[in-house]
Amino acid sequence: MARSDEAAAFFHGVYTAIQQIPHGKVTTYGHIAALIGTRNPPPPLSPLLSHLTSCRSPVPAQRPRQVGVCLKHLPADPSAPFNSQNVPWQRVINAKGEISPRSQPEGSTNQADALRAEGVEVVRGAMGEYHVDFAEYGWFPEELPETDASP
DNA sequence: GTCTTGACCGCTC
DNA sequence: AGAGCGGCCAAGA
């Protein structure tokens, strides 16, 4: 199994998990990674990924960073299976409940605007950072819901 | 080929 | 209570 397949499976899992986020709700990069790790070894995911998840703690805590990379590489092409239009990347924020000020400051602003458009109350911090209240808008399911009814 | 960086998280000082 | 550091995986130069 080439690592590219592992990466593809990881990307697929990340995008699929993000698509499960309900409208008007937000979650964290870490939780997305946790969902993929907590999820039982599914057929699409190769055994190596499962091994990595079970090797250490039940949930590897270093995946979240890669989740951000996945979103970074999220194609904007509508024809792609997963694109910025199908995947609500805007509903993913960091564990501090804030929008990471990544490279382009406009990106965070756009993300905050998109969240507000969904009815999410985004509070701007004193340092210009955007904060979202998890207690009201957080979405942290234990596992991914079985949307796909084809076992 | 190798090296550095990155939309992060948790623990430690 | 606040700030700093290490660690993991993958893409880009």
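Throughout, protein chains are lettered first and strands after them, A, B, ... in sequence-line order, and every chain is numbered starting at 1. Treat the numbers as computed from the prediction; the structure is a model and nothing was measured.
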Could you list the residues that satisfy side-chain contact (heavy atoms from CB on, under 4.5 Å) with [X], not counting sequence neighbours?
X	value
A:Gln19	A:Phe82, A:Asn86, A:Val87, A:Pro88
A:Val69	A:Gln66, A:His73
A:Pro101	none

Let me know the distance between [atom1] of [X] and [atom2] of [N], rounded to the nearest Å.
X	N	atom1	atom2	answer
A:Leu74	C:dA11	CG	C1'	15 Å
A:Tyr29	B:dG10	OH	C1'	17 Å
A:Tyr15	C:dA10	OH	P	14 Å
A:Glu106	B:dA7	CD	P	15 Å
A:Asn94	B:dG10	CG	C1'	14 Å
A:Lys96	C:dA3	NZ	C1'	12 Å

Can you find a side chain N or O atom of A:His73 that sits less than 4.0 Å from OP1 or OP2 on B:dA7?
-> no
Residues that A:Thr28 engages under side-chain hydrogen bond (donor to acceptor under 3.5 Å, both in side chains), provided they are two or more places apart = none
Under a 4.0 Å N-O cut-off, is there an ion pair linking A:Arg116 with A:Glu121?
-> no
Acceptor/donor pairs from residues 122-132 of chain A side chains to any protein atom, 3.5 angstrom cut, sequence neighbours excluded:
none

Write out a two-atom table: protein N or O, nucleotide N or O from nucleotides 2-6 of chain B, distance below 3.5 Å.
| residue | atom | partner | partner atom | Å |
| --- | --- | --- | --- | --- |
| B:dG6 | N7 | A:Arg65 | NH1 | 3.1 |
| B:dG6 | O6 | A:Arg65 | NH1 | 3.4 |
| B:dG6 | N2 | A:Gln66 | OE1 | 3.4 |

